Amino acid sequence: MNTVFLGIVIFLCVLAVFDLVVGVSNDAVNFLNSAIGAKVAKFRTIVAVAAIGVFAGAAMSNGMMDVARHGIMTPQYFSFYEVICVFLAVMVTDVILLDVFNTLGMPTSTTVSMVFELLGGAFAVAILKIVHGATAADGTLLGLGNLLNTEKAISVIMGIFLSVAIAFAVGTVVMWISRLVFTFTYRINGKTTAYNGEMGGLTSSSLKIGIFSGIAVTSIIWFLLINGLKGSSFMSPELKQAINANTWYILGGGVLVFSVIMTILSAFKLPVLKFVVLLGTFALAMAFAGNDLVNFVGVPLTGLDAYLDYTANGSGNPDAFLMGSLMESAHTRAIFLIFAGVIMVLSLIFSKKAQNVVETSVGLSRQSQGDEMFGSSPVARSLVRNSNATSKFVARIIPDSILHWIDTRFNSEEMKLPQGAAFDQIRAAVNLVLAGLLVAIGTSLKLPLSTTYVTFMVAMGTSLADRAWSRESAVFRITGVLSVIGGWFITAGVAFVFSFFLTNTMYFGSYIAMALAIALAIYLLVRSNLKETKSNTNTDDSIFMQILAAKDKTVIWRLLCEHICSGNASRLKFVIDTYGSMTDAFLNEQYQPLRRATALIDDERKSLKRQRKQEILTMQRLDSMQMISRNTWYFLGINSCQQMLYCLKRINEPLREHVGNSFLPLPEAYHKDFIKVKDSVLEIYGRALVMIETGDFTNADNLREDCTVIQLQISDDRKRVMDSIQSGTTNLNTLLLAIHILQESQELIGSLRHMIRGMNKFAGAGE
């Protein structure tokens, strides 16, 4: 029997390694966002700094293990068997959640999932014990308050969700004050952020940056090093007492000393803000590892401790041996923490997801207007209307002179950002310092705050204070924030329910149910890692980011043409691949390619919609007279791409129904003509693709004439099929379907003709 439990504990530890890898790949990139968004250093430099912070935080995360031990349940009333049921249900639920939420593309959080999984599993066992009339040692009946650490559980849950509001509010206030002090144009590193090249005074700029950096560095060192080291062995009680007794002197002295140092360094044109941002990245990475490590290894290591206690003292009776030992604080071996830190660092360095991070928070918090990832919602529209009404009311109270002065401090149009940057270094520093401090405070209070929540909401608060949410984008960004927060609440509910039912299943199903749960987890892990993921190229988004950063209209025009060619070339490649796969699937009676095509076409239509919006936003930044003569040709080209996708959709739907219902295939006598039409369509699209990729429209007229020829040929083929219908020798439904495909193929060719004409005219290469 002990061997079975040993196998379960080993499996829990294996899942912990998997959680470490996936957690860092998906969640830990939150602390990379600000440094990457402000372009303060090369990606590998930012990752190296974060890796050091992750390792340091992992080595000092011992105190947080208590959450998994007795933060949610009261283990002294739980048997070893019941604890194993809860822990296994928690880890299996974690795998299921990861698979489901990744498939749906919804945001999730390891902190929230872990807390609510523990709560759901412990609640399931508690209900069973209450139903069976469980009693304490003195014979009194046990209630829910005895079996669950309700006070601690409520504080943990409240800490997680209150951190959302607190992080947003603190981020908004601190960023607003910081922007009043600095504005968007300031002198830094001997350069200026002003687009017109005007330099601020060296003394005043250095002093402001020095004081700001001094406060930031002091805060980081105090909360992450002092608080983080309070649990370390070399922090004697006398030293702790001295620190607590002189807190304000230490803080005040730190601010004074570091402000002087940073002011001097800034005066010598050294990159002080870059240092603060990188230090903040280190701090947040350290806080992440110290706070979130419990989400990955807390449950498995607690399970290991429970197993060791059971084998030593359990007398072979897992149902009767109570886990009072888990009421003690964790004393996790350093080797486990170091091993976890090594895995997290390696995952951070080598994970492709981390290396190709394009986080939602960067898009929602960028300074410039651009392509919005979310639509609008009734709640967001209501919030925007009410906010506008409130701001107008406040504006009537505040004197005009003060309002005018505040407006001059938020001069974002005069700011010049580094190429590809989403915001400046001031906001990046505020993001990192505040997020790091909030998570560190939660860690010092042993509250497992979600790094994802705190980082995201601080970024949203600072972007709101920076007026990055304009009247044109506010409703979309609020919808995005609400969507992400909604995903967090869904995570909590699903985690609780899944863990509740899994724990019940294992409790009653015993070892058979446990084995099935382990098999399910292994299957989902293998499927998740072997499943091919679609890799969308980011070329268009990269070009669009360059457009947003550009000020020269000549450069914007060149990038716009490049963006259009890149997007339309991608669309032609998609048509070639999808049309070829659908027609082959029809001839070979294959259903799966047609089923996949349905989702692919919908995704491509969304991609085209995003491309169109990006390009229209870009054209608004060019001279109106220049664009008036070209708008018609642009919309001819982009609408032709849209028609191509509609043609594919109209081809796919009847084909999917026909093949899915196993109706009669296309007669062999028509295969040759059908393949000839398919090859003609693919050949002419291939020629057009080469023309767009090379940007050489010299033969555009010849290609359009060839399109006309192919359309006439398809028309002749369609007439021959219609004549066959009149003879009545072949299945009517199949021939009608063939006619439909030929007709839509003609439309595909016609759309290509229009697109080539529109692109040629838009670029000014044709008449």
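Any value given below was found using the heavy atoms of this structure, including those in side chains, with hydrogens, waters and symmetry copies removed. Values in this document were obtained by computation on a predicted structure and should not be read as measured data.
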State, yes or no, whether a side-chain contact exists between [X] and [Y] at a heavy-atom distance under 4.5 Å.
{"X": "R621", "Y": "L560", "answer": "no"}
{"X": "L273", "Y": "S213", "answer": "yes"}
{"X": "Q592", "Y": "R596", "answer": "yes"}

From [X] atom [atom1] to [Y] atom [atom2], the distance as rounded to the nearest 0.5 Å:
{"X": "L682", "Y": "L748", "atom1": "CG", "atom2": "CG", "value": "10.0 Å"}
{"X": "I684", "Y": "L572", "atom1": "CD1", "atom2": "CG", "value": "11.5 Å"}
{"X": "I756", "Y": "I692", "atom1": "CD1", "atom2": "CD1", "value": "4.5 Å"}
{"X": "S178", "Y": "I426", "atom1": "OG", "atom2": "CD1", "value": "7.0 Å"}

> Is any side-chain N of the basic residue among K573 and E693 closer than 4.0 Å to the acidic one's carboxylate O?
Replying inline: yes

> So, are D424 and R179 salt-bridged, with charged N and O less than 4.0 Å apart?
Replying inline: yes

>> I need the single residue from K613, Q614, E615 that forms a side-chain hydrogen bond (donor to acceptor under 3.5 Å, both in side chains) with Q611. Which is it?
In response: E615

> Would you say the side-chain atoms of N639 and R612 include a donor-acceptor pair closer than 3.5 Å?
Replying inline: yes

>> Within the supplied structure, the quantity of interest is the number of heavy atoms (other residues, nucleotides, ligands) at a distance under 6.0 Å from R650 CZ; does it exceed 12?
In response: yes

>> Centroid separation under 6.0 Å, is that true for the rings of F212 and F182?
In response: yes

